[in-house]
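As a basis for the values below, the full set of heavy atoms in this structure was taken, side chains included, without hydrogen atoms, waters or symmetry mates. On a predicted model such as this, the values are computed, not experimentally measured, just so you know. Throughout, a chain's letter reflects where its sequence line sits, starting with A, and its residues are numbered from 1.
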Number of protein chains: 2
Amino acid sequence: MNKHEIQVTVDIVVFTIHQHRLNVLLIQRGIPPFKGQYALPGGFVLANETLEAAAFRELHEETGTENVYLEQLFTFGDPKRDPRGRVVTVAFYALVPSDQSPLIAGTDAAAAGWFTVDELPPVAFDHLKIIDYAVNRLRNKLEYTTVGFELLPKKFTLTALQVLHEAILGRALDKRNFRRKILALGLVKATKEMEATGRKPARLYSFRNAK
Amino acid sequence: MNKHEIQVTVDIVVFTIHQHRLNVLLIQRGIPPFKGQYALPGGFVLANETLEAAAFRELHEETGTENVYLEQLFTFGDPKRDPRGRVVTVAFYALVPSDQSPLIAGTDAAAAGWFTVDELPPVAFDHLKIIDYAVNRLRNKLEYTTVGFELLPKKFTLTALQVLHEAILGRALDKRNFRRKILALGLVKATKEMEATGRKPARLYSFRNAK
DNA sequence: CCAAAAGTGTTAGGAGTACACCCATGG
DNA sequence: CCATGGGTGTACTCCTAACACTTTTGG
C-alpha cells in the first residue's frame, strides 16, 4: 500500500422544491459514526468509475432517483473531517423536479426525508458546510443560467417558475418584471394547455431545449 | 489496504502577467510518464494536511513562491487520466504579482517556465483541460470580483490594471469606461506617488483592503 | 357575487458602451 | 518641438425596479 492513498467519497446535495420551499434530501445513518444522525447521500468512489458516475450510482442506490441534473461543487479535504480516517469527499449537487421528488425508493422511507434548507436537523460530518456551499452555488447560478428549469416538470406555469426562483433566492420577486424577463430570454415557450387547478386557469409553458 | 483507497494529488495553475499577456507556469517532468514534457506543478496530498495546504506546499517546493492567492477549481477523477493508476487530482489556481513572477526558485530554472496561455507547449496528462478550466474561471471571476488585484504589485497605475484585465479577458477595453468603472467601485485609492517611467508621469493607486 | 390567482404597461434611474481630444514629460 | 502614454466628458441604449388594476374561473 502506498502511503499516499486516501479514501475518496462523493456526497450529493439533492435539492427539490416542496411547498414553495427549497428542500434537501437527508438520510439517517444506520451505522457509526454519527449513527442515527442525518447525513447527505454518498459513498466511496470505486476503482473504475468517474467521480460523476460514482455520484449518479450512489444517488440511484440510496434514493432510486435517475436522470437528475448533477454538477460538481467543491472538494472537502480537511484531515479531521471524518473520525474514521483520511477521507476526501467530492461534493455534488443534484436537482430533482418537484413532481418526481416524493419518490424515495431503494431505501427505507423512514430513514430518508426532505428538509427545508432553513430548518435542517443536526447533520453528520461537515455536511452542513457542504449544504451551505451548495445553496450558495445554486443561488448564484440561478442569476446567470437556466438551472432552475431542472427543478420543474416538463410543463409548468410561469407562477410555478417564479415560486421556484423565490424559494431558491429566499425573497419575493415582482410578478410583472419576472414574467417579462423570462419571456425576453426566449428559453421558454407557451404550450396550448392550461392548468385548471387554481381559480383562473394558467397557461403551461415548456423549456425550449428539451436537451 | 482498503480497496477504496485512491491516490489524491493537487495540481496548481499558476498565473501571472508578462508582457501584457496572461502566462501559466509549467515544469518539465524529469521522470516518466511524460518524461521531458511540461506539466503543472503539483503532487501528492500528505496524510495530515488539508488540500489547500498541500497546494501551498507543492507550490513552495517547486517554485519558491509564497503568499500567493490560491483558490480551488475543480476535481478531475477520470479513471484513465493517469497511466500509473487511479489518481484523483484537485486542481487549484494561483495568482502571483507580476513584480514577483520572474523568481522561480527551488527548482532548476531550465526546467520551469512561463508560457502565454495561447501558445502552450504540449502538456502531460489532462493538464491542458485543467488549464482551460482555470482560464475560464479566472475570466468569469474577473467580471464580478476583485481577483485581478492579486496579480499586481501593491502600487500600480490604472493603465497597468487595465492591461491586466485585457490580458485575462483577451480583448481591448475602453480606457475612459474602464477608469470610470474601477473608480466607481471604490476598491482602489490614489496614492500621492507617481510613476515616472512613461513620458507623462502616471498616478499610482493602491488596493483599498490590504487584507 | 365573492374569493383567488392570472395576467398585463409605464416610468424613472443606473449601468454599460461608443467615441476624440488635450496634457505633461523626456529626449 | 515631437513622440509617447496619461488623463478626461457626453450622449445613447438597455436593463432593472417600482408600482395597481382587470380578468377568469369555481363555488
For the side chain of Arg199(A), starting at C-beta, report the closest nucleotide among dT25(D), dA6(C), dC19(C). dT25(D)

From CG of Leu173(A) over to C1' of dT16(D), roughly how many Å is that when rounded to an integer? 12 Å

Per atom distances to the Lys181(B) side chain, the nearest of dT25(C), dG6(D), dG16(C) is dG16(C)

So, OP1 or OP2 of dA5(C): does either fall under 4.0 Å of a side-chain N or O from Thr159(A)? no

Show the atom names and distances, to 0.1 Å, of all donor-acceptor pairs under 3.5 Å that link a side chain in residues 176-190 of chain B to residues at least two apart or in another chain.
residue, atom, partner, partner atom, Å
Asn177(B), OD1, Arg180(B), NH2, 2.5
Asn177(B), ND2, Asp174(B), OD2, 3.4

For atom CE of Met194(B) and atom P of dC23(C), their distance in whole Å: 16 Å

With a 3.5 Å cut-off and heavy atoms only, can you find an N or O donor on one side and an acceptor on the other between the side chain of Lys200(B) and the base of dT4(D)? no

Between Asn177(B) (CG) and dA11(D) (P), how many Å, whole number? 15 Å

In terms of the angle between their ring planes, are His18(B) and Trp114(B) parallel, tilted or perpendicular, with boundaries placed at 30° and 60°? perpendicular

Is the ring centre of Tyr38(A) less than 6.0 Å from the ring centre of Phe115(A)? yes

d(CZ, Arg171(A); P, dA18(D)) in whole Å: 10 Å

Integer-rounded Å distance: dG7(D) C1' and Ile182(B) CD1: 16 Å

Plane angle bin for Tyr93(B) and Tyr69(B) - parallel if under 30°, tilted between 30 and 60°, otherwise perpendicular: tilted

dA17(D) P sits how many Å from Phe178(A) CZ, rounded? 13 Å

How close or far is atom P of dT25(D) from atom CD of Glu195(A), stated in whole angstroms? 15 Å

So, under a plain 3.5 Å distance rule, would you say the side chain of Arg180(A) forms a donor-acceptor pair with the base of dT10(C)? yes

5'-most contact on DNA chain C: Lys175(B) or Arg176(A), nearest heavy atom basis? Arg176(A)

What pair of heavy atoms forms the shortest contact from His165(B) to Leu173(B), and how long is it? CB-CD1, 3.8 Å

Less than 4.0 angstrom between a side-chain N/O of Arg179(A) and OP1 or OP2 of dG7(C), yes or no? yes

Just how far, in rounded Å, is P of dA6(C) from CZ of Arg203(A)? 14 Å

Nearest nucleotide by nearest heavy atom, which residue falls closer to the 5' end of DNA chain D, Ala160(B) or Asp174(B)? Ala160(B)

